[in-house]
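Numbers here are sequence positions counted from 1. For the numbers below, each heavy atom of this structure counts, side chains included, while hydrogens, waters and symmetry mates do not. This one's a predicted model, so the numbers in the text were calculated from it and none came from an experiment.
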Amino acid sequence: MRISTKCSIAIHCLLFVHEYGGEGKVTSDWMARSTGCNPVVIRSTVSALKKAGILDVRPGTGGTRLACPPEEIDLCRVFTALEPDCLDKLVGLHPNPSRLCPVGRSIHGVLESTYRKVHRDLQASLRSITLADILEEYHRADGE
């Protein structure tokens, strides 16, 4: 069970845009240097965040800015912008339980119900953490 590195790259970019957007034009090359990723990966990430209404990108060399306040950007919104079905695919079911076995006949229904609860709980947890919370943690860590 794993959330891909796309999400940590996106959060890194969002922090970077927030911290340096007022100092100059935040470009994909600048974010690529900070993240250690290829600029193509950054452009793809920024594009997904733009489509989700999280980032505002000015054409050409205009730079990138947050499209909304950090308090309105939660982890669930970021994760689903990058991987729309990541939460749905978080826990899978084995495909071929025996229909001849009492456990095999009912296991999918039992697990689907259980996994729906896990999905709802994880979604609620991700929605409870915002970019503002992460920025606060960043500033605490940076100040040490």
Side-chain angles (χ1 to χ4, degrees), residues 1-98 103-144:
M1 187 162 54
R2 179 172 185 222
I3 295 174
S4 84
T5 58
K6 289 179 185 179
C7 298
S8 66
I9 292 166
I11 293 166
H12 185 133
C13 290
L14 291 171
L15 283 170
F16 191 87
V17 166
H18 181 272
E19 294 298 299
Y20 297 105
E23 293 182 22
K25 296 176 186 173
V26 176
T27 64
S28 57
D29 288 334
W30 201 14
M31 286 187 278
R33 285 192 300 274
S34 176
T35 61
C37 294
N38 187 299
V40 173
V41 171
I42 299 304
R43 284 190 283 278
S44 172
T45 301
V46 167
S47 176
L49 295 171
K50 179 184 175 189
K51 285 180 191 172
I54 297 171
L55 286 178
D56 178 36
V57 181
R58 292 190 174 89
T61 59
T64 305
R65 295 179 190 237
L66 295 180
C68 51
E71 297 79 15
E72 294 178 17
I73 303 169
D74 63 53
L75 290 183
C76 190
R77 188 173 172 191
V78 173
F79 289 8
T80 55
L82 294 157
E83 298 187 67
D85 58 354
C86 73
L87 294 180
D88 296 331
K89 292 182 176 180
L90 195 59
V91 182
L93 294 171
H94 56 296
N96 299 312
S98 173
V103 174
R105 277 193 303 272
S106 60
I107 193 67
H108 277 187
V110 170
L111 290 177
E112 284 172 358
S113 172
T114 302
Y115 293 165
R116 266 194 307 276
K117 181 180 179 342
V118 169
H119 182 270
R120 280 192 309 270
D121 291 349
L122 178 58
Q123 201 171 36
S125 181
L126 292 171
R127 284 188 174 131
S128 74
I129 302 168
T130 67
L131 181 59
D133 299 323
I134 296 169
L135 282 162
E136 186 178 312
E137 180 66 25
Y138 164 73
H139 288 131
R140 265 198 309 271
D142 191 44
E144 292 178 356

Quiz item: Does the pair L126 and D74 meet the rule for a side chain to side chain contact (heavy atoms under 4.5 Å, CB included), with working shown?
Solution: CA-CA 7 Å; L126 292 171; D74 63 53; 5.8 Å; no
Quiz item: Does the side chain to side chain contact (heavy atoms under 4.5 Å, CB included) test come out yes or no for D29 and R43, once each step is laid out?
Solution: CA-CA 9 Å; D29 288 334; R43 284 190 283 278; 4.1 Å; yes
Practice problem: For the pair L131 and L66, evaluate side chain to side chain contact (heavy atoms under 4.5 Å, CB included) and give the outcome as yes or no after the intermediate values. | Solution: CA-CA 11 Å; L131 181 59; L66 295 180; 4.1 Å; yes
Quiz prompt | From CA spacing to verdict: side chain to side chain contact (heavy atoms under 4.5 Å, CB included), L75, D133 | solution = CA-CA 10 Å; L75 290 183; D133 299 323; over 6 Å; no
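To the nearest 0.5 Å, the span separating OH on Y20 from CE on M31 amounts to 13.5 Å. R33 CZ to T35 OG1: the interatomic distance, rounded to the nearest 0.5 Å, is 10.5 Å. With rounding to the nearest 0.5 angstrom, the CD1 atom of I11 is 11.5 Å from the OG1 atom of T5. Taking CD of E19 as the start and CG of L14 as the end, the distance is 11.5 Å to the nearest 0.5 Å. Between the SG atom of C76 and the CG atom of L122 there is a distance of 7.5 Å, given to the nearest 0.5 Å. To the nearest 0.5 Å, the span separating CD1 on I107 from CG on L93 amounts to 8.5 Å.
Side-chain atoms of T45 come within 3.5 Å of backbone N or O of V41 as a donor-acceptor pair. In this structure a side-chain-to-backbone donor-acceptor pair under 3.5 Å is missing from S113 to V110. The closest donor-acceptor contact from the side chain of D121 to the backbone of V118 lies at 3.5 Å or more, if one exists at all. Under a 3.5 Å cut-off, the side chain of H139 and the backbone N or O of L135 do form a donor-acceptor pair. For the pair R58 (side chain) and K25 (backbone), a donor-acceptor distance under 3.5 Å is absent. Looking only at distances, a side-chain donor or acceptor of S128 sits under 3.5 Å from a matching main-chain atom of S125.
In plain terms, the two heavy atoms of N38 and V40 that are nearest each other are OD1-N, 2.8 Å. Considering every non-hydrogen atom in both E83 and C7, the closest pair reads OE2-SG, 4.3 Å. Considering every non-hydrogen atom in both I42 and C37, the closest pair reads CD1-CB, 4.0 Å. Across S28 and P39, no two heavy atoms sit closer than the pair CB-O, 4.3 Å. Between G92 and Y115, the shortest heavy-atom distance links the atoms O-CE1, 3.8 Å. Residue G53 comes nearest to A67 through the heavy atom pair O-CB, 3.4 Å, listed as atom of the first residue, atom of the second, then distance.
Partners of H108 under the ring pair (Phe, Tyr, Trp, His ring centres under 6.0 Å) rule, at least two apart in sequence or in another chain, are H94.
Within the 4.5 Å cutoff, the side chain of I73 has heavy atoms near those of the C68 side chain.
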